[in-house]
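All remarks here apply to the structure that follows.
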Amino acid sequence: MKKELFDHSGHLTDAGLQMLISGELSELERFEAAEHLSFCDSCTLRYSELLCGDILMDAPDLIRPGVFRRIRQQARRLFLNRYAAMVTAAGFALVFWVTGVFTIGENVTQEKWIDGLNRSTSQISESTSRWTGEIADGIYDLFHDFDLKGVLSHEKK
């Protein structure tokens with residue numbers, strides 16, 4: 001006895017869905033079932049529940065440490081990017097404050113503003129060059145203190 005594919009209301013029967021899953025339907029019946037599933041949400045839901053009824057396997061433990069490591073790396077990268085942007089904004093605010101951009105109520109002429117900007121940029125330039133000079137001198141002294149003569153050559157004495 002052949003099982004019915006559709007019930008009296010036009011929906012796929014449970015037996016029809018099982019035959020579709022197991023591959024027991026003819027080509028025409030498969031086409032009719034696929035066409036019905038393309039527009040009937042309730043039958044599509046029942047069909048997907050039957051297909052997904054299997055127990056899903058857990059991911060192997062070997063994958064978890066790598067995934068968590070990548071998540072931590074991404075979180076660190078986002079954290080550093082956020083604070084780098086904040087430090088940059090604070091630096092701009094400090095430069096603007098020193099140059100007098102934020103002065104309220106004062107009668108600041110363009111010449112005074114340019115003079116303040118020149119003065120602050122020269123101070124920043126002097127501080128930066130002094131700082132880089134100290135670093136360069138420290139590196140030179142560090143390498144000058146090492147006596148590498150004979151250490152790098154493979155000559156026998």
Q. Between the main-chain N or O of Thr121 and the side-chain N or O of Ser125, is there a donor-acceptor pair closer than 3.5 Å?
A. no
Q: Look at the side chain of Gln74 and the backbone N and O of Ile71, then say whether any donor-acceptor pair between them is shorter than 3.5 Å.
A: no
(Q) Can you list everything that forms a side chain to side chain contact (heavy atoms under 4.5 Å, CB included) with Phe39? Sequence neighbours excluded, please. (A) His36
Q: To the nearest 0.5 Å, tell me how far Cys40 SG sits from Phe6 CZ.
A: 9.5 Å
Q: Go through the steps to decide whether Phe79 and Arg82 satisfy the test side chain to side chain contact (heavy atoms under 4.5 Å, CB included), and finish with yes or no.
A: CA-CA 5 Å; Phe79 180 78; Arg82 183 173 295 148; 5.8 Å; no
Q. Honestly curious: do Leu25 and Leu51 fall in one hydrophobic cluster under the side-chain, below-4.5 Å linking rule?
A. yes
Q.
Ignoring hydrogens, what is the shortest heavy-atom contact between Thr44 and Leu37? Give both atom names and the distance.
A. OG1-O, 2.7 Å
Q) Which one of Ser42, Cys43, Ser48 satisfies the side-chain contact (heavy atoms from CB on, under 4.5 Å) criterion with Leu45? A) Ser48
Which donor-acceptor pairs under 3.5 Å do the side chains of residues 11-19 make with protein atoms, sequence neighbours left out?
{"unit_1": "Thr13", "atom_1": "OG1", "unit_2": "Glu4", "atom_2": "O", "d": "2.8"}
{"unit_1": "Thr13", "atom_1": "OG1", "unit_2": "Leu5", "atom_2": "O", "d": "3.4"}
{"unit_1": "Thr13", "atom_1": "OG1", "unit_2": "Gly16", "atom_2": "N", "d": "2.9"}
{"unit_1": "Asp14", "atom_1": "OD1", "unit_2": "Arg46", "atom_2": "NH2", "d": "2.8"}

Q: Look up atom CD in Glu32 and atom CD in Glu27, then write down how far apart they are to the nearest 0.5 Å.
A: 11.5 Å
Q.
So, taking the atom named CZ in Arg76 and the one named CD in Gln73, what distance separates them when rounded to the nearest 0.5 Å?
A. 6.5 Å
